[in-house]
Asks: 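So that we are looking at the same thing, I have put the structure below in structure tokens.
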Amino acid sequence: MTVTTLPGGSFTMAEGLTVSRMGYGAMQLAGPGVFGPPDDRDAAIAVLREVVELGITHIDTSDFYGPYITNELIREALHPYPDSLHIVTKVGALRDAEGGWPHAREPEQLRQAVHDNLTHLGLDALDVVNLRLGGFDSPEPGSVAEPFTALAEMQQDGLIKHLGISTVSAEQVAEAQSIAPVVCVQNFYNVAHRDDDDLIDSLAAQGIAYVPYFPLGGFSPLQSDTLDAVADRLGATPMAVALAWLLQRSPNMLLIPGTSSVDHLHQNVSGAGLELSGDVLEELNSLVS
Ligand SMILES: NC(=O)c1ccc[n+]([C@@H]2O[C@H](COP(=O)([O-])OP(=O)(O)OC[C@H]3O[C@@H](n4cnc5c(N)ncnc54)[C@H](OP(=O)(O)O)[C@@H]3O)[C@@H](O)[C@H]2O)c1
């Protein structure tokens, strides 16, 4: 499959940081439970190479995935990286021996994580680092000042080019912005889970990217009779409708659907380009009204 124009075009997060709005989330490339190596390493490498072949210039990853596995796969598949490719990683947690995700937000832990990401990805500076806060999929109250200041210091040191923040409330985004510029916010959001509608609009007004995780429902696929009925009527899959809806939701919305399959990658790229009429958008908007 050759795609010359990706759906959604591009978005400029900051000077020197323009990405395709159709991106790719690498979490699914690790083994079951995002733990350990993939069953088929060659297939994982093939997905990553096809991502770049399709013209996608935004890959989302983390050293949490595996741990280290997806970053090592990205390096093996794509290093030396094309100038146009931007790899966005995240810090703020570790993996324990049971596959748990304990927090690791102390300044020293964050510095170690940044150095680990640089090593595993084979880079001198990371394009974007998201500070991962909150719980499994929702924000938790509290100040972001100490960990975000630690990352801002590493940005001053030249280890990080741009900063983002993940699983946070609007108040926490504002607090982070008072410390250093934020180029993207990565939170749980999809057509059936829309707690962040106001935050998305406010970030759009500021030209800041919003990057929803679990755009297809994450570990449990989106379940909605309305979504299924719309997809049926349009002769499309629910996944295609969910991605197309996100692209049309707001111009600052960047997609990072995750997949371990080249076929699904192709389906997601073409599906996101589905044109949804005003009536269909209204019907989908009613999912959470
Ligand atoms: N900031 C954070 O805390 C955070 C949290 C979670 C995720 N993320 C990021 O967000 C990205 C996206 O989230 P996600 O990967 O967890 O969830 P997702 O994109 O909502 O869904 C991925 C799941 O959907 C399946 N899938 C993908 N395309 C499909 C298709 N066309 N047909 C059928 N099934 C399909 C995948 O299975 P197959 O592999 O079989 O295609 C996988 O099981 C992640 O990769 C990661 O980079 C960030």
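Just so you know, these numbers use all the heavy atoms, side chains as well, and skip hydrogens, waters and symmetry mates. The model shown is predicted, which means the values in this text are computed figures rather than measured ones.
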Asks: Evaluate whether atom CG of D225 has more than 12 neighbouring non-hydrogen atoms of other residues, nucleotides or ligands under 6.0 angstrom away.
Replies: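 Not buried by this count: 12 neighbours or fewer within 6.0 Å.
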Asks: Of all heavy-atom pairs between P82 and V52, which one has the smallest distance, and what is that distance?
Replies: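 The answer is CG-CG1, 4.0 Å.
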Asks: Would the number of heavy atoms belonging to other residues, nucleotides or ligands and lying under 6.0 Å from CG of D40 be above 12?
Replies: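 Counting other residues, nucleotides and ligands, CG of D40 exceeds 12 neighbours.
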Asks: Do side-chain atoms of R249 reach the backbone of D197 as a donor and acceptor pair under 3.5 angstrom?
Replies: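 Looks like yes, one N/O pair under 3.5 Å.
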Asks: Looking at every non-hydrogen atom in both residues, tell me the closest pair between L255 and A272 and how far apart they are.
Replies: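 Minimum heavy-atom contact is CD1-CB, 4.2 Å.
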Asks: To the nearest 0.5 angstrom, please state how far the CD atom of Q267 sits from the OG atom of S261.
Replies: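 Going from the CD atom of Q267 to the OG atom of S261 covers 7.0 Å.
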Asks: Run the salt bridge (charged side-chain N to carboxylate O under 4.0 Å, His left out) test against R41 and tell me which residues pass, sequence neighbours left out.
Replies: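 With sequence neighbours excluded, R41 shows a salt bridge (charged side-chain N to carboxylate O under 4.0 Å, His left out) to E76, given in chain and number order.
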Asks: Considering all heavy atoms of both residues, which atom of Q155 and which atom of A180 are nearest to each other, and what is their separation?
Replies: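 Shortest heavy-atom contact: OE1-CB, 4.2 Å.
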Asks: Is there a side-chain contact between L29 and P38 in this structure, where contact means two heavy atoms from C-beta onward sitting under 4.5 Å apart?
Replies: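 Heavy-atom side-chain distance check fails, nothing below 4.5 Å.
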Asks: Please tell me if the side chains of S143 and F148 come closer than 4.5 Å, counting only heavy atoms from C-beta onward.
Replies: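 They are not in side-chain contact.
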Asks: Can you measure from OG1 (T61) to CD (E72) and round to the nearest 0.5 angstrom?
Replies: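 Output value for this atom pair is 10.5 Å.
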Asks: May I have the step-by-step check of side-chain hydrogen bond (donor to acceptor under 3.5 Å, both in side chains) for E283 and T226, ending in yes or no?
Replies: CA-CA 8 Å; E283 197 175 343; T226 306; 5.9 Å; no
Asks: Kindly compute the distance separating CZ (F11) from CG (N252), expressed to the nearest 0.5 Å.
Replies: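 One gets 5.5 Å once the value is rounded to the nearest 0.5 Å.
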Asks: So do the side chains of F64 and R132 get within less than 4.5 Å of each other, counting heavy atoms only?
Replies: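 Yes, close enough: below the 4.5 Å cut-off.
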Asks: Give the minimum heavy-atom separation between H193 and V288, together with the two atoms involved.
Replies: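 Looking at all heavy atoms of both residues, the shortest contact is N-CG1, 4.2 Å.
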Asks: Could you check whether any side-chain heavy atom of Y24 comes within less than 4.5 Å of a side-chain heavy atom of T259, counting everything from C-beta outward?
Replies: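 With C-beta onward as the side chain, the pair touches.
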Asks: Using 30° and 60° as the class boundaries, would you call the ring planes of Y210 and Y189 parallel, tilted or perpendicular?
Replies: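 Geometry flag for Y189 against Y210: perpendicular rings.
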Asks: Between N285 and W245, does a side-chain hydrogen bond (donor to acceptor under 3.5 Å, both in side chains) hold up when you go through it step by step?
Replies: CA-CA 9 Å; N285 288 342; W245 179 85; 3.0 Å; yes
Asks: Within this structure, what is the CG-SG distance for the pair N130 and C184, rounded to the nearest 0.5 Å?
Replies: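 Reported to 0.5 Å precision, the distance equals 4.5 Å.
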Asks: If you take all heavy atoms of R105 and G134, which pair is closest and at what distance?
Replies: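 For R105 and G134, the tightest heavy-atom pair comes out as NH2-O, 2.9 Å.
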Asks: Dump the intermediate steps for side-chain hydrogen bond (donor to acceptor under 3.5 Å, both in side chains) on E275 and Q248, then the final yes or no.
Replies: CA-CA 9 Å; E275 282 289 329; Q248 288 172 59; 4.8 Å; no
Asks: Among side-chain atoms of D127 and H162, is any donor-acceptor pair under 3.5 angstrom?
Replies: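 On atom types as modelled, these side chains do not qualify, holding no pair under 3.5 Å.
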Asks: What I want to check is whether the side chains of D116 and Q112 have a donor and an acceptor closer together than 3.5 Å.
Replies: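 Judged by distance alone, the side chains do pair up.
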Asks: Are Q186 and D60 close enough that some pair of their side-chain heavy atoms sits under 4.5 Å apart?
Replies: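 They are in side-chain contact.
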Asks: More than 12 heavy atoms of other residues, nucleotides or ligands under 6.0 Å from CD of E15: is that the case?
Replies: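 For E15, atom CD is not crowded (no more than 12 foreign heavy atoms under 6.0 Å).
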Asks: Within the 4.5 Å heavy-atom criterion, are V114 and M154 side-chain neighbours or not?
Replies: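 Yes, close enough: below the 4.5 Å cut-off.
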Asks: What I'd like to find out is whether the side chain of L247 reaches to under 4.5 Å of the side chain of M253, using heavy atoms alone.
Replies: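 Answer no - side chains too far apart.
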Asks: Measure across R21 and P251 and return the closest heavy-atom pair with its distance rounded to 0.1 Å.
Replies: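 Closest pair (atom of R21, atom of P251, distance): NE-O, 3.3 Å.
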Asks: Which distance, rounded to the nearest 0.5 Å, do you find between the CD1 of I74 and the OG1 of T89?
Replies: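 One finds 8.0 Å between CD1 of I74 and OG1 of T89.
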Asks: With side chains defined as the heavy atoms from C-beta onward, is the minimum distance between P7 and V269 less than 4.5 Å?
Replies: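 Yes, side chains in contact.
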Asks: Atom CG of D228 and atom CZ of R233: how far apart are they, to the nearest 0.5 Å?
Replies: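 Spacing of CG (D228) from CZ (R233) equals 12.0 Å.
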Asks: Please step through side-chain hydrogen bond (donor to acceptor under 3.5 Å, both in side chains) for the pair Y213 and T167, ending with a clear verdict.
Replies: CA-CA 10 Å; Y213 62 79; T167 319; 2.9 Å; yes
